[in-house]
Amino acid sequence: MAKASLGQQELEVLGLISDREPVSVREVAEAFAQSHGLARTTILTVMDRLRAKGYLSRKKSGGLFMYKTCQKKSQVLRHQVKDFVEKNLGGYVSPFLAYLSDEKVKLDEDELAELKRLIARYENDEQKEAGQ
């Protein structure tokens, strides 16, 4: 089942939770109060939306609800990229790749190696399909 798309604020909250999990609403609210000036009630609302969308789970521990992500951060980001490509680029990835090239986006060695690995895997899959 495809997960619902996320807004920027939801992505930021989910990222923080992923980095610190398990975490309470208070801990998340304190972090966002400092960096974004958001109230605890706002953070609670965002976290409730993330639970409703299936991105977070919670478990009561010592009188507090502790929140954890339901997916790895990489899976969430992959879904977000897929959603962006399908909705905003009509399913075409070449505009995204052109952006990387035209804007001189700095890729570190690990990112570049990962892109090369993905292209090689794509080409390998294409060759297998052509041979069948």
Side-chain angles (χ1 to χ4, degrees):
M1 179 176 125
K3 296 230 185 247
S5 61
L6 297 172
Q8 184 62 37
Q9 197 172 63
E10 291 172 322
L11 270 174
E12 289 177 27
V13 169
L14 193 59
L16 184 134
I17 293 168
S18 178
D19 292 341
R20 300 180 184 188
E21 64 187 341
V23 66
S24 68
V25 172
R26 188 191 85 232
E27 293 170 287
V28 177
E30 286 174 358
F32 277 88
Q34 293 173 1
S35 62
H36 294 75
L38 297 176
R40 181 187 182 281
T41 54
T42 302
I43 295 302
L44 180 57
T45 299
V46 171
M47 291 172 72
D48 282 342
R49 281 196 319 250
L50 289 168
R51 276 188 54 237
K53 291 180 178 184
Y55 287 100
L56 287 181
S57 66
R58 73 179 186 187
K59 185 176 182 179
K60 202 159 198 167
S61 174
L64 289 175
F65 281 114
M66 299 303 287
Y67 291 79
K68 291 175 62 173
T69 58
C70 296
Q71 293 181 315
K72 292 180 181 178
K73 191 186 286 190
S74 61
Q75 291 171 311
V76 172
L77 292 175
R78 181 173 288 158
H79 170 75
Q80 291 302 113
V81 169
K82 179 181 185 240
D83 190 51
F84 174 79
V85 168
E86 289 175 356
K87 288 181 180 176
N88 297 301
L89 302 179
Y92 296 101
V93 295
S94 55
F96 178 71
L97 296 173
Y99 161 77
L100 291 175
S101 176
D102 294 346
E103 297 299 318
K104 306 291 188 249
V105 174
K106 299 292 182 200
L107 301 174
D108 64 27
E109 289 181 27
D110 291 338
E111 288 177 309
L112 189 55
E114 177 67 7
L115 286 173
K116 288 178 182 179
R117 187 189 66 74
L118 291 170
I119 290 169
R121 187 176 82 189
Y122 176 81
E123 290 174 339
N124 189 35
D125 290 348
E126 289 292 309
Q127 288 174 356
K128 285 180 184 177
E129 285 182 20
Q132 292 180 1

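Residues take their numbers from the sequence shown, with the count starting at 1.
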### Query
What are the two closest non-hydrogen atoms of T69 and E21, and how far apart are they?
N-OE1, 2.5 Å
### Task
Indicate the atoms forming the closest heavy-atom contact of C70 with G54, along with that distance.
CB-O, 3.5 Å
### Task
Evaluate the side chain to side chain donor-acceptor pair (under 3.5 Å) criterion for residues Q34 and E30: first the C-alpha distance (whole Å), next the side-chain angles of each, then the deciding distance (0.1 Å), finally the verdict.
CA-CA 6 Å; Q34 293 173 1; E30 286 174 358; over 6 Å; no
### Message
Evaluate E27 against R20 for salt bridge (Lys or Arg N to Asp or Glu O under 4.0 Å), listing each step before the verdict.
### Response
CA-CA 9 Å; E27 293 170 287; R20 300 180 184 188; over 6 Å; no
### Task
Report, as yes or no, whether the 6.0 Å neighbourhood of atom CD on E126 holds more than 12 heavy atoms from other residues, nucleotides or ligands.
yes
### Query
Just by modelled atom types, is the T41 backbone N or O under 3.5 Å from a matching donor or acceptor in the T45 side chain?
yes
### Query
Going only through I, L, V, M, F, W and Y residues with side-chain contacts under 4.5 Å, is there a path from V25 to M66?
no
### Message
Could you check whether Q127 and E123, counting side-chain N and O atoms only, form a donor-acceptor pair closer than 3.5 Å?
### Response
no
### Query
Once you round to the nearest 0.5 Å, how far does CD1 of I17 lie from NZ of K68?
12.5 Å
### Task
Check the hydrophobic clustering (I, L, V, M, F, W, Y; side-chain heavy atoms under 4.5 Å; chains of links allowed) and say if L64 and I43 are grouped together.
no
### Summary
Here the pair of heavy atoms bringing Y55 nearest to Q80 is OH-OE1, 4.1 Å
### Task
Spell out, yes or no, whether L50 and L44 are grouped together once hydrophobic residues are joined by side-chain heavy atoms under 4.5 Å, including indirect joins.
yes
### Task
Nearest 0.5 Å please: distance from the CG atom of L11 over to the CG atom of L77.
7.0 Å
### Query
Y92 and V85: which non-hydrogen atoms are nearest, and at how many Å?
O-CG1, 3.9 Å
### Query
With the 4.5 Å side-chain cut-off for hydrophobic clustering, are L115 and Y122 part of the same group?
no
### Task
Give the minimum heavy-atom separation between E111 and K106, together with the two atoms involved.
OE1-O, 4.1 Å
### Task
Return yes if a side-chain donor-acceptor contact under 3.5 Å exists between Q71 and H79, otherwise no.
no
### Query
Which distance, rounded to the nearest 0.5 Å, do you find between the CG of L100 and the CG of L112?
10.5 Å
## Note on the structure
Here the gap from K73 atom NZ to R78 atom CZ, rounded to the nearest 0.5 Å, amounts to 15.0 Å
